[in-house]
There are 2 protein chains.
Amino acid sequence: MSKHIKGVTISQVADAAGVARSSVSRAFTRPEMLSPETVNRIMAAADQLGYRPNHTARALSTGRYGNIALIVPDIANPFFPPMIRAAQMQADSANFCIFLGNTEENGEKEDQLIGRFTGQVEGLILASPRLSDERIWAHAEKLPLVLINRDIPGISSVLIDSSVGVAEAVTHLAKLHHRKMVYISGPPVSWSNRQRQEAFDKTALALGVETATVPTLRPDFESGRKAVEAMLATGATAGIAFDDLTAQGVLTGLAERGISVPADFSLIGCDDVLGSVTYPALTSISSQSSEAGQAAIALLLEMLQTSKHADLRHMIATHLVVRNTTREPHSAVTSG
Amino acid sequence: MSKHIKGVTISQVADAAGVARSSVSRAFTRPEMLSPETVNRIMAAADQLGYRPNHTARALSTGRYGNIALIVPDIANPFFPPMIRAAQMQADSANFCIFLGNTEENGEKEDQLIGRFTGQVEGLILASPRLSDERIWAHAEKLPLVLINRDIPGISSVLIDSSVGVAEAVTHLAKLHHRKMVYISGPPVSWSNRQRQEAFDKTALALGVETATVPTLRPDFESGRKAVEAMLATGATAGIAFDDLTAQGVLTGLAERGISVPADFSLIGCDDVLGSVTYPALTSISSQSSEAGQAAIALLLEMLQTSKHADLRHMIATHLVVRNTTREPHSAVTSG
DNA sequence: CTGTTAGCGCGTTCAT
DNA sequence: ATGAACGCGCTAACAG
């Protein structure tokens with residue numbers, strides 16, 4: 001019980017205003033219950049003393065913490081900042097504060113962070129969690145939980161349906177006469193990755209084009225760069241990367257080997273977070289991560305106001321944005 | 001006092017283990033005070049019931065919240081994510097949680113957020129605050145506070161000293177024989193902006209080159225794009241933008257007008273957060289925002305452990321990274 | 001309308 | 001080594 005910076009308490013205000021503590025409390029939460037006169041007197045005393053209601057004490061008493069935790073694998077991945085920003089704004093408008101957690105793509109750290117948040121959060125948002133279904137279920141049992149980019153029965157989630165976009169991408173490449181394509185994959189435990197891989201395989205099969213898959217360690221620039229060798233070894237003439245960051249790494253790796261894009265190799269990214277800032281401007285599968293952030297908070301707030309364990313779902317569409325990293329392969333007959 | 005999801009309390013564990021509440025408390029905070037035997041018994045009962053100490057109740061009792069608030073103007077600005085990430089990791093290693101606040105470049109919102117955090121954080125980190133010195137002083141009086149990119153007497157801060165980098169940039173351009181340069185400025189209340197503006201003016205004056213300044217509304221892509229017209233009207237042949245985002249907007253605005261970089265105009269950014277992903281690869285003034293995030297938390301933790309209102313300072317150096325957006329102007333005599 | 005009384009869940013003296 | 005009692009700052013019943 002170390003003495004910290006003197007926080008003005010409700011009692012001091014009560015004394016100064018000559019009323020009971022409860023009246024001060026009411027002045028701040030239910031002013032309509034008090035006579036305007038006393039409210040004024042209390043408020044005057046309050047901001048003259050510089051009183052601010054103590055969030056923690058209030059939370060302990062009401063059971064409502066007014067906080068939400070948002071946990072992401074990697075803040076530095078450009079997919080997340082817009083999501084975090086949107087979540088922040090949505091939470092803000094409901095007077096909620098946001099705890100941010102960064103797991104470094106690590107499931108254990110995720111668990112650890114969640115533990116640290118329990119007892120001060122009303123709900124949890126897990127974006128692209130790397131945790132097992134079982135662990136997530138366990139957490140959802142103790143706390144309202146909304147997932148982003150992960151589909152688990154019985155748990156609310158916001159899903160970016162990239163299957164449509166991936167199908168468009170594969171079709172686009174097939175139309176350009178690519179006969180063999182490679183998928184540069186993301187984290188194996190990532191739902192988005194599995195979804196993209198499946199859409200990739202399925203569409204390719206339907207169109208009769210050959211496929212290959214190259215794994216990466218993490219969805220980032222370096223992993224993409226390092227994947228280039230294995231990627232080229234597959235003999236594919238075009239590739240779709242798990243995300244834009246990986247694609248950007250691939251782009252660099254190819255340039256380092258003197259392989260020019262799109263002349264010698266066609267590449268498509270995912271998430272469309274780099275916009276047209278890469279060179280060549282990256283063809284990518286667009287999703288709105290900001291919408292996901294906004295929707296997740298909205299869902300969670302809705303769950304908080306009603307029954308805890310609703311199983312709501314919010315889908316977000318995707319589509320292909322063609323820019324300058326795709327073209328016909330050399331082997332193809334120039335069709336016009 | 002609505003009944004929420006059954007949180008296992010210390011009393012339930014105490015009953016289950018057949019001991020007093022205080023013993024359970026001790027088992028979690030001062031195990032050495034108890035006999036190993038009872039500790040075991042308590043722990044067994046605890047994690048059999050799924051008990052987790054309530055962060056909030058503990059905070060109220062000890063006065064130590066274990067939380068820190070980090071407030072930034074715009075999460076989506078690529079300067080901040082690395083900073084946030086580093087801050088997060090540093091806080092993590094000290095078992096602190098991080099509240100994230102996004103002010104949308106708005107001073108009032110900043111005030112409002114700080115208010116919402118009081119009573120649940122032990123300290124505050126304000127990154128590139130848009131608040132007045134007076135308001136910041138007021139806050140610092142009630143709470144340990146560390147600033148990033150803002151220099152106020154008596155308040156601890158982490159400063160990215162871009163004056164060296166800016167001087168290098170101006171010198172670099174002058175050596176290329178540019179005779180008139182323009183500074184595309186950032187938010188007027190931004191300390192970094194003032195610092196960069198001053199270094200720009202001072203160095204230019206010393207080198208005898210003409211200068212001009214063009215204001216922008218916000219440090220983002222759109223503002224940069226819109227500033228191009230005014231920028232060109234100055235007749236300058238080279239420009240230094242407040243940050244990379246603005247520079248990127250300028251780059252696009254120039255391209256839209258058919259003005260090629262660096263052939264027709266030379267451009268330098270600040271922060272070096274876009275790396276070589278722009279085209280042409282942007283020459284920029286490098287700073288390590290991640291170091292700032294890490295240092296700010298370290299400073300704050302240090303302040304928490306000692307006297308509250310220390311006035312510490314941490315400087316971070318910058319330097320020019322030359323890439324492909326600078327060249328001699330047409331008017332210059334080709335020197336070799 | 002307003003004051004009085006009980007807790008919220010936990011840490012911490014003070015006894016034992 | 002352990003238990004009983006009090007308080008952190010605030011909200012919420014219950015009176016009046």
Side-chain angles (χ1 to χ4, degrees), chain A residues 1-43 45-46 49-67 118-122 142, chain B residues 1-43 45-46 49-66 116 118-122 142:
Chain A
M1 244 179 255
S2 67
K3 282 291 161 262
H4 279 255
I5 297 178
K6 46 196 165 210
V8 182
T9 81
I10 209 173
S11 314
Q12 305 180 32
V13 179
D15 290 352
V19 296
R21 289 183 289 270
S22 45
S23 291
V24 179
S25 173
R26 287 179 186 119
F28 279 85
T29 54
R30 282 172 180 63
E32 69 278 6
M33 284 184 68
L34 266 43
S35 83
E37 183 192 329
T38 38
V39 171
N40 286 336
R41 190 150 39 96
I42 291 173
M43 286 315 202
L49 291 178
Y51 167 77
R52 306 290 272 126
N54 183 307
H55 201 118
T56 299
R58 178 178 285 182
L60 185 58
S61 171
T62 60
R64 285 188 319 243
Y65 298 107
N67 299 327
T118 58
Q120 54 179 344
V121 220
E122 285 180 55
K142 335 191 82 176
Chain B
M1 245 177 255
S2 66
K3 280 292 158 261
H4 279 254
I5 297 177
K6 46 196 165 208
V8 183
T9 82
I10 209 173
S11 314
Q12 305 181 31
V13 179
D15 290 353
V19 295
R21 292 183 287 269
S22 44
S23 292
V24 179
S25 174
R26 288 181 184 115
F28 279 84
T29 54
R30 283 170 178 58
E32 70 277 5
M33 284 185 67
L34 267 42
S35 81
E37 184 191 328
T38 37
V39 171
N40 286 336
R41 190 150 38 94
I42 291 173
M43 285 316 202
L49 292 178
Y51 168 77
R52 306 289 272 122
N54 183 308
H55 201 120
T56 299
R58 178 178 287 183
L60 186 58
S61 171
T62 59
R64 285 189 319 244
Y65 299 105
R116 200 170 283 159
T118 57
Q120 54 180 343
V121 290
E122 285 180 55
K142 338 192 80 176

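FYI, side chains are in, hydrogens and waters are out, and symmetry mates aren't considered; it's all heavy atoms of this structure. In what follows, every chain begins at residue 1, and chains take the letters A, B, ... in the order their sequences are listed.
Residue B:Val19 is classed as a sugar-phosphate contact, given heavy-atom separations below 4.0 Å to backbone atoms only. Across all strands, B:Tyr51 comes closer than 4.0 Å only to sugar-phosphate atoms, never to a base (heavy-atom distances).
For the pair B:Ile42 CD1 and C:dC10 P, the computed distance is 13 Å after rounding to whole Å. Atom pair B:Arg52:CZ and C:dC10:P shows a separation of 12 Å (rounding to whole Å applied). Rounding to whole angstrom units, CG of residue A:Asp15 and P of D:dG9 are separated by 13 Å. When the P atom of C:dG7 is taken as reference, atom CD1 of B:Ile10 falls 18 Å away, rounded to whole Å. Between the CZ atom of B:Phe28 and the C1' atom of C:dT12 there is a distance of 17 Å, rounded to whole Å. Note: CG (B:Leu60) to C1' (C:dC8) measures 9 Å, nearest angstrom. Protein atom OH of B:Tyr65 is 17 Å distant from nucleotide atom P of C:dC10, rounded to whole Å. Rounded to whole angstrom, the span from the CZ atom of A:Arg21 across to the P atom of D:dG7 amounts to 11 Å.
In terms of phosphate contacts, A:Ser35 brings a side-chain nitrogen or oxygen within less than 4.0 Å of OP1 or OP2 of C:dT2. Between A:Arg64 and the phosphate of C:dC8, there is no side-chain N or O to OP1/OP2 separation shorter than 4.0 Å.
The only member of B:Asp15, B:Val13, B:Ile10 that meets side chain to side chain contact (heavy atoms under 4.5 Å, CB included) when paired with B:Arg21 is B:Ile10.
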Side-chain donor/acceptor pairs under 3.5 Å, residues 22-35 of chain B, sequence neighbours excluded:
from	atom 1	to	atom 2	distance (Å)
B:Thr29	OG1	B:Ser25	O	3.0
B:Ser35	OG	B:Thr38	N	3.3
B:Ser35	OG	B:Thr38	OG1	2.8

Using distance only, find each side-chain donor-acceptor pair of residues 49-57 of chain B under 3.5 Å and give its atom names and separation, not counting sequence neighbours.
from	atom 1	to	atom 2	distance (Å)
B:Asn54	OD1	B:Thr56	N	2.8
B:Asn54	OD1	B:Ala57	N	2.9
B:Asn54	ND2	A:Tyr65	OH	3.1
B:His55	ND1	A:Arg116	O	3.4
B:His55	ND1	A:Gln120	NE2	3.1
B:His55	NE2	A:Gln120	NE2	3.4
B:His55	NE2	B:Tyr65	O	2.8
B:Thr56	OG1	A:Gly119	O	2.5

Polar atom pairs between nucleotides 13-16 of chain C and protein, under 3.5 Å, N or O only, would you list them?
from	atom 1	to	atom 2	distance (Å)
C:dT13	O4	B:Arg26	NH2	3.1

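Comparing the helix axis at one end of the helix from C:dC1-D:dG16 to C:dT16-D:dA1 with that at the other, each defined from 5 consecutive pairs, gives an inter-axis angle of 40° (nearest 10°).
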